[in-house]
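All heavy atoms count here, side chains included; hydrogens, waters and symmetry mates do not.
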Amino acid sequence: MNKLDTVKHKLFDAYYSQLNAMQRKAVTTVNGPLLVLAGAGSGKTTVLVKRIAHIIHFGDALHGKNSADLTPGELNSLEQLSQIHGCSPDMLRPVLKKLAVDPCPPRNVLSITFTNKAATEMKNRLKSELGDLADEIWAGTFHSICVRLLHRYIQRIGFDSQFTIYDTEDSKKVMADCIADLELDSKMFMPRSVLQIISGCKNRLVTQEEFENTAGDDFKKQTFARLFKRYQLRLANANALDFDDIILMTIRILRECEDVRNTCQKQFKYILVDEYQDTNYAQYILMRLLADKYRNVMVVGDDDQSIYKFRGATVENILNFDKQFTDTKTIYLEQNYRSTGTILKAANGLIAHNTCRKGKNLWTERDEGNKIVLRELDNQEMEARYLADTIQRMVRDEGYHYNDFAVLYRSNAQSNTLENVFTRSALPHRLLGGTRFNDRREIKDIHAYLSVINNPKDTVRLERIINLPKRNIGVITMKSVVHLSEEEGVCTFDIIKNANQYPALSKTASKLMGFANVITELQEIAQNKPLPALFAATIEKSGYMDMLLNSTEDEKDRIANVNELISNAVAFTESNPEATLAAYLEENALVADIDNYDPEAGAVVLMTMHSSKGLEFPVVFLPGMEENVFPSVLSQLSNEEIEEERRLAYVAITRAKKELFLTYTRERLIYGRTSSNRISRFVEELPQELMDSTSAAMYRRFSLGGTDYQAAASKAIETITKKRIAAKEEEFMRKHNPHSFTLGEKVIHDMFGLGVVQSVKKLTGDTLYEITFEKAGTKKMMGTYAKLRRKDAE
DNA sequence: CACGCTCTGCCTGCG
DNA sequence: GCAGAGCGTG
């Protein structure tokens with residue numbers, strides 16, 4: 001190492017004296033692919049922020065080649081500076097800037113996070129680190145970044161740049177319509193599950209055609225393929241994208257348009273992705289497409305905190321990163337600044353039971369702290385009371401505040417009892433993750449009006465509001481409207497506007513046109529007046545407010561929420577110079593949560609373990625540590641799912657800074673019936689010496705008493721459910737697919753008579769059967785062409 | 001076309 | 001135990 005290098009290292013070590021050696025390494029390694037495996041509470045956000053600042057101020061100052069214009073005198077003065085201790089970063093920065101190698105303009109840095117919450121935090125911290133420079137950085141969620149790009153380029157693949165974004169509920173509505181279109185049994189094909197399959201395809205970049213090709217003669221798959229196609233068609237007609245499409249279309253543009261790809265690749269010289277364990281395949285491809293020119297891509301994540309596989313995340317992204325990007329440097333951040341030694345040991349002990357992991361061991365300089373408390377309670381009511389009492393006691397005797405406590409549970413259903421008991425005990429608490437403001441019915445309704453005003457092609461939203469308030473326009477009328485729109489090739493709104501021109505609509509024409517007039521009138525207001533006025537007019541002229549006011553039920557919450565929306569419009573107009581309706585709707589489509597978790601609120605916080613990711617609390621309670629609750633019954637099928645649950649437990653445990661309480665009950669109400677579950681395997685997997693001894697004794701007793709009968713019972717239930725599903729599928733196949741037969745089935749052929757299926761060989765697009773006929777011997781024939789009928793043997 | 005009754009299926013959840 | 005869907009009736 002030459003003198004300059006030595007001096008540089010010393011100076012940067014001083015500049016980053018607040019960071020540990022590994023964090024410093026992550027911050028200063030800026031060129032080339034970099035994988036940072038950051039354990040819980042290891043200061044990864046700090047690393048991300050400092051690294052971006054480093055890239056902007058100094059470029060690759062530490063490892064790049066400095067232009068050799070430092071005089072020996074300058075070098076000496078640098079060396080002297082490096083020997084002074086306690087130089088503040090503000091003093092060092094101007095000096096270090098002279099050593100900068102290709103510092104990067106902020107507009108060429110792309111920082112991707114998963115949630116809006118994380119994005120906001122990132123932006124705030126960049127702002128305080130970099131001041132106004134931060135405004136130019138491309139920082140946001142995958143979706144917000146893609147939407148920005150789509151606005152610029154989506155017309156390149158034949159879409160209108162004024163697209164609408166459909167949320168999950170809209171998508172469900174579209175899918176329900178598709179299922180109805182194809183006259184399918186709605187019990188066989190539930191919108192939710194079909195959408196899950198389509199989303200899975202999109203996440204893995206499987207196209208409709210590819211999916212269709214793999215379907216073979218599996219009728220169910222074929223039907224999914226048809227629904228997939230129909231769904232996309234309906235979206236396209238409504239000029240709408242679902243959440244997955246936002247990523248997908250961006251990829252399509254980058255793949256298909258070389259010039260756009262080149263522009264983007266040049267634009268994003270440095271790319272940083274947070275929570276990389278939560279990315280799916282499509283997002284990986286997107287990142288690749290953007291990063292392929294410079295390959296300056298850093299991903300940060302923790303394979304042990306991957307808890308979103310169920311929604312398409314593939315932990316393989318983080319596990320394989322170093323194989324996908326050659327000469328990746330890997331840095332482990334294993335020093336934890338959050339939890340006590342005991343809590344960390346518990347977390348390490350638990351996660352060690354997982355097999356598929358990179359392997360990482362968190363450590364801390366903090367002291368051991370208190371043992372983990374485990375308590376058995378009679379039922380969920382007692383459990384909630386135990387939590388309330390313990391919290392009250394700790395506030396009274398140990399100087400804690402209410403906002404020091406978090407209660408984390410596996411499923412939202414558990415929150416009910418907790419909330420009731422806490423309210424009764426006058427314990428200040430806040431419930432997170434219930435119905436979000438934007439998900440409330442009345443808010444969705446008004447947003448639907450606004451969406452239709454903005455994009456009349458938006459049939460889904462149109463159907464939502466056309467009879468709300470009641471205008472006596474029913475499903476039948478809308479069916480014929482949709483039918484006409486398909487026939488005439490005009491959008492549904494145009495049909496409604498000119499309803500009197502269609503004989504089929506003669507009965508309801510005046511009602512339809514009345515509705516169209518309201519929308520047209522509001523569209524004019526949208527053109528000429530500011531947003532708050534438009535919102536007020538929409539609420540009035542639609543008759544929505546009157547509907548609420550005249551309701552027989554108490555709707556004061558809804559009225560308040562609707563009025564709140566007008567204040568939102570005022571706030572939006574004030575903070576956005578270009579406060580168009582389109583901009584408002586777009587922001588609201590992407591902002592899923594007005595997540596105002598306020599640590600200062602002076603209240604105990606209740607939320608799911610999932611939504612606690614990224615947060616920390618001095619004291620954490622984990623109620624419901626029972627098999628079939630946590631791990632959930634529904635995840636007991638495969639080891640993979642159990643490992644994901646275990647990671648969830650790891651996440652939950654590592655939220656705690658000082659104290660951790662685990663509770664389980666002898667009995668619990670699940671789906672309205674009492675059940676008794678044995679203690680969670682995750683409790684048994686914790687090192688016993690870390691547990692509070694009094695409770696450990698109790699635990700052993702219970703554990704020995706409780707055999708696997710419950711597991712056996714739930715297995716049985718699962719088998720029954722599976723059989724029921726299988727039976728339904730079978731019935732469906734028989735009904736819809738007369739050319740498909742199973743092994744051993746009796747069939748009738750027009751010429752050969754009665755036979756038995758000997759073998760089934762699936763070919764692309766058809767199936768080859770070998771059938772032994774009573775009279776004609778064994779024949780091979782294709783399912784589609786042979787005139788085979790099923791012999792219903794009952 | 002609206003209302004009320006019965007039946008079913010149920011986790012976690014970012015955009 | 002509860003919400004949402006489906007079905008039958010006024």
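- Put simply, Tyr308(A) does not rest on the base of dT12(B): the two rings are not both less than 5.5 Å apart at their centres and under 30° in tilt.
- Using a 4.0 Å heavy-atom criterion, one finds that Asp244(A) contacts the bases of the nucleic acid, with or without backbone contacts as well.
- Phe189(A) carries Lys220(A) over the face of its six-membered ring, with the cationic atom under 6.0 Å from the centre and within 45° of the normal.
- Residues meeting the ring-ring contact (aromatic ring centres under 6.0 Å, His included) test with Phe159(A), sequence neighbours left out: none.
- Ranking dA2(B), dC11(B), dC14(B) by closeness to the Arg311(A) side chain, first place goes to dC14(B).
- A straight line from CD of Gln196(A) to C1' of dT12(B) spans 11 Å, rounded to a whole angstrom.
- Judged purely by distance below 3.5 Å, without hydrogens or angles, the side chains of Thr665(A) and Glu383(A) never pair a donor atom with an acceptor atom.
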| Watson-Crick and G-U pairing of DNA chain B, under 3.5 Å, as dot-bracket with | and [ ] | ||||||||||.....
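- Each of dA2(B), dC1(B), dT12(B) was ranked by its minimum atom distance to the side chain of Ile476(A); first place goes to dC1(B).
- Atom-to-atom, CE of Met607(A) to P of dG13(B) comes out at 11 Å; the value is rounded to the nearest Å.
- When rounded to the nearest whole Å, the span between NZ of Lys172(A) and C1' of dG9(B) equals 13 Å.
- For Thr608(A), counting side-chain heavy atoms from C-beta on, the closest listed nucleotide (dC11(B), dT12(B), dG9(B)) is dT12(B).
- In summary, Arg357(A) and Glu643(A) do not engage in a salt bridge, as defined by a charged side-chain N under 4.0 Å from a carboxylate O.
- With 3.5 Å as the limit, one finds a donor-acceptor pair spanning the side chains of Asp458(A) and Tyr166(A).
- For the ring-ring contact (aromatic ring centres under 6.0 Å, His included) test, no residue two or more places apart in sequence or in another chain qualifies with His353(A).
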